[in-house]
Amino acid sequence: MTALQSDEVDVPSAKKWHKRAIQGALLILAVIVTITAGEWAARRETARQTDSIHRILDLQVLALRGKIGQYTNIPYTAAQHSDVQALLQHPTAERVQRVDLYLQEVSRRVGADALYVLDENGLTLAASNWNSRTSFVGQNYDFRPYFKDAIAGANGFFYAIGATTGEPGLFMSTPVRVAGKPVGVVAIKVGLQEVEESWRKTETPVLLTDERGIIFLSSLFSWTYKATRTLSPTELSWILDHVQYGSNAVFPHMPWEIQHNSGEPGFVSTGAFEEVPHEYLTLSEPLTDFGWTLTVLSDTAPVKHARWGAWATTLLFLLAITSAALYWIQRERAIRQQRSLRKRLEVRVNERTAELQEAHAFRKAMGDSLLVGMRARDLDGRIIYINPAFSDITGYGPGELIGRLPPYPYWHPDNMEKHWLENEAALTGRAELTGFESRIRHQNGSDVYTMVYTAPLIDGSGNHSGWMSSVVDITAQKAAEEQARVHIAKMQRSSRLASMGEMASTLAHELSQPLMALVSYSGAADAYAERGHIELLRETLHEISSQTQRAAEIVSRTRGFVKQHTPGFADCVVNELVTNMLALLRPEIRQQKGRIVTQLTEGLPTIKADKILLEQVVLNLVFNALQAMQDKFPADKVVRIGTGLHEGMIYIRVSDNGPGISPEVAANLFEPFFTTKPEGLGLGLNICRTTVEAHRGRLVFENGANGGAVFTVYLAVPT
Ligand code: ADP
């Protein structure tokens, strides 16, 4: 996994900061979204609550008005009654009774608490409850505002706790007019307990306050007679004076804190209601004609719940989105990584495949194009690969050879033992590095000569897995060599035959010089003997002996040479050879009055040569040179002999000051028996060339730049 690591290994710090900034922004956004969602939900819930409160308010106002409206006209109707009027004008027991019954009947029918008639002093003359224990009859209510209002000619409307019964109720009154002048009052008391009862059944607190803010009707019992605002002493004394709420003299403040939120209807009241902390959204509806205010409260807990719920939902939603996003990011990243990994792998596989294909193609092309046969074998000798050249050499295709163990089908039946030995040597790593020759049998039955070179086959892990052999077909080479050998032998034979004839002439030519020398040395010896020059005689006899020796040597070499015996090759220093030859020529040179100038290069490599024969070559060349300069003055008779190295060959150059060689002569120069001399044999140069070529050398001539002939013998330096 080295190249396939995670992307996150080396995030640059700028990128990291960028990432952090995005994360921070997203977090802030999430907070804003959550808060907004909460506020939106709260507002929605508030609106819903407000709506619901409004509905309740409307409903309750309607109910209240309905309830009150039921009784509003009862006092007026009663006030018109003749009995009532008569009673107030002239009260009699009989009239009282009649009115009592009338009031009782009406009250019963309309379901009022009480219906009663007061005289102009506030004294109750007749009442629907005339016969009850708490009858109003005889009670004076002149302190009640509803009496005061009615006797003053207006309609009275007053909620209070009954002074007689102790029961709260709504008192409504109207004046009884006689000739347009109030003479008394008809009042009705209506209990609102039913309304209160119905409120108590609802979960939403409802309360009704009077014009001073005192709660006189409430769905919650404990709130009754609590003040929603601070009462002034005047107000308080007014209440006491009119005994509005019975013996209640103190009106504790409602235990709430009021908070007005701008843009929102009503207010929020917070407090421990019934010892439980609550917060209410509170809305009021003033009933101006009654001087009351109806208030409905709605617990804000649902608003909070809605807010919390929205927060929770939003958070959950955001959490889900974040999780999904993270999952998606992770997944995308994983996919990206996988994709890039796959891509990298694909690239590597493709590269590797291309490399392998290239290597394979290269190897195949190499194997196919090789003229050398290639054969790979495993360690057991099983053939695992052959190239086309190997098939060509053996005549067997891969199908016939792959998987084969020795003996192989191309092993020569006459050489089986040798093949086994060679196989053994190759498989044990003992095969000669320089290769070995092996004769095999081609599938077509012909013999094939091969050179086999074997090297260990090392696999990709460095293990020795087998052997690779290259096989060179040397059949043609062998045949050519054989042909050449036969040809050379033939040539040699015929040349020997031809040379037989030449031998006599050659001997005659080659021996003429030593023989002549012998003649002259003998003459000299004779003379020295006669004169008694013993010392000179001995020297001359020594010369005679060595010339005789040389003559014998020449005879033997010439015979051998003609018989094509390998020349007596031995280490030979060219400069020594020249010096030696000059010693032999000394008498001749002296006689010719010629001069030899040598220019011998020191340190030339030793060559392999037949010294005597090569000496004869140089000797012949010097002889010819001297003869060519016969007509020259002795001072001009200079033969130059030089040795040296030229283009890797040792040369011996003999040049003279003679007339040189004309093109006609040059054309036949090396032909046997070609001579321009009257006593010439015309064999010298021919023998020279033959000898030099027998030494694998060349004999060439040219005319010198300043006239004269230049003969050069080139001899190969042994490597
Ligand atoms: P011979 O010396 O018996 O003639 P060679 O084969 O030695 O036979 O020479 C052949 C001929 O080549 C000579 O007759 C002569 O004409 C010519 N020749 C050989 N050497 C020289 C030389 N140094 N200068 C001029 N002519 C030469």
Side-chain angles (χ1 to χ4, degrees), residues 3 345-483:
L345 274 175
E346 262 171 31
V347 169
R348 278 176 58 180
V349 166
N350 287 346
E351 279 174 3
R352 195 76 197 100
T353 310
E355 276 172 21
L356 284 173
Q357 280 173 344
E358 213 167 289
H360 180 74
F362 182 77
R363 203 194 70 172
K364 190 170 179 321
M366 200 171 75
D368 291 352
S369 67
L370 274 178
L371 293 175
V372 174
M374 299 300 294
R375 176 196 59 189
R377 295 184 293 169
D378 65 14
L379 292 170
D380 300 328
R382 187 176 287 103
I383 295 174
I384 53 175
Y385 165 78
I386 59 163
N387 72 340
F390 191 85
S391 291
D392 291 345
I393 292 170
T394 59
Y396 292 94
E400 294 157 295
L401 291 182
I402 303 288
R404 282 292 293 261
L405 283 164
Y408 307 121
Y410 50 78
W411 277 9
H412 201 289
D414 300 345
N415 289 45
M416 287 310 264
E417 203 175 332
K418 184 170 175 281
H419 280 309
W420 277 116
L421 288 172
E422 286 165 355
N423 182 67
E424 177 70 16
L427 294 184
T428 50
R430 289 185 285 105
E432 283 188 33
L433 287 175
T434 49
F436 59 85
E437 206 177 298
S438 175
R439 182 169 65 138
I440 59 168
R441 173 62 58 85
H442 194 276
Q443 200 181 22
N444 64 15
S446 62
D447 285 0
V448 179
Y449 290 88
T450 59
M451 275 302 285
V452 182
Y453 306 88
T454 300
L457 191 64
I458 308 298
D459 69 11
S461 323
N463 297 322
H464 178 201
S465 61
W467 303 94
M468 177 64 89
S469 301
S470 54
V471 182
V472 182
D473 185 350
I474 55 165
T475 313
Q477 187 187 326
K478 272 266 194 200
E481 271 177 16
E482 182 59 19
Q483 210 175 6

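Taking the six-membered ring for Trp and thresholds of 30 and 60 degrees, Tyr410 and Tyr396 have ring planes inclined between 30 and 60 degrees apart.
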*asked:* Is there a side chain to side chain contact (heavy atoms under 4.5 Å, CB included) between Thr454 and Val452? Walk through the geometry before answering.
replied: CA-CA 7 Å; Thr454 300; Val452 182; 4.0 Å; yes

_Full working for salt bridge (charged side-chain N to carboxylate O under 4.0 Å, His left out) between Arg348 and Glu351_ = CA-CA 5 Å; Arg348 278 176 58 180; Glu351 279 174 3; over 6 Å; no

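When every heavy atom of Arg404 is checked against every heavy atom of Pro409, the shortest pair comes out as NH2-CD, 3.7 Å. Shown here for Ser391 and Ile386, the closest heavy-atom pair between the two residues is OG-CD1, 3.3 Å. Closest approach of Met416 to Pro407, counting heavy atoms only: CE-CB, 3.9 Å. The two residues Val448 and Ile393 come nearest to each other via the heavy atoms CG2-O, 3.7 Å.
Ile440 places none of its side-chain heavy atoms less than 4.5 Å from the side chain of Val471.
A donor-acceptor pair shorter than 3.5 Å can be found between the side chains of Thr475 and Asp473. In summary, the side chains of Arg375 and Tyr408 do not present any donor paired with an acceptor at a separation below 3.5 Å, with no hydrogens or angles considered.
Looking at Asn387, its side chain does come within 3.5 Å of a backbone N or O of Met374 through a donor-acceptor pair. The main-chain N or O of Ser465 is never found under 3.5 Å from a side-chain atom of Asn463 such that the two would form a donor-acceptor pair.
Heavy-atom neighbours of Glu355 CD from other residues, nucleotides or ligands within 6.0 Å: above the threshold of 12. Counting non-hydrogen atoms of other residues, nucleotides and ligands closer than 6.0 Å to CG of Leu370 gives a total above 12.
The only option from Lys418, Arg439, His442 that meets the side-chain contact (heavy atoms from CB on, under 4.5 Å) definition with His412 turns out to be Arg439.
Atoms NE2 and OG, from His419 and Ser438 in turn, are 4.5 Å apart once rounded to the nearest 0.5 Å. The distance from atom CG of Leu405 to atom CZ of Arg377, rounded to the nearest 0.5 Å, is 10.0 Å. Here the straight-line distance linking atom CZ of Arg430 with atom CD of Glu422 works out to 12.0 Å at 0.5 Å rounding. Distance CH2/Trp467 to CD1/Ile458: 8.0 Å, rounded to 0.5 Å. Expressed to the nearest 0.5 Å, how far CZ of Phe436 lies from OH of Tyr453 amounts to 10.5 Å. Distance CD/Glu400 to OG1/Thr394: 8.5 Å, rounded to 0.5 Å.
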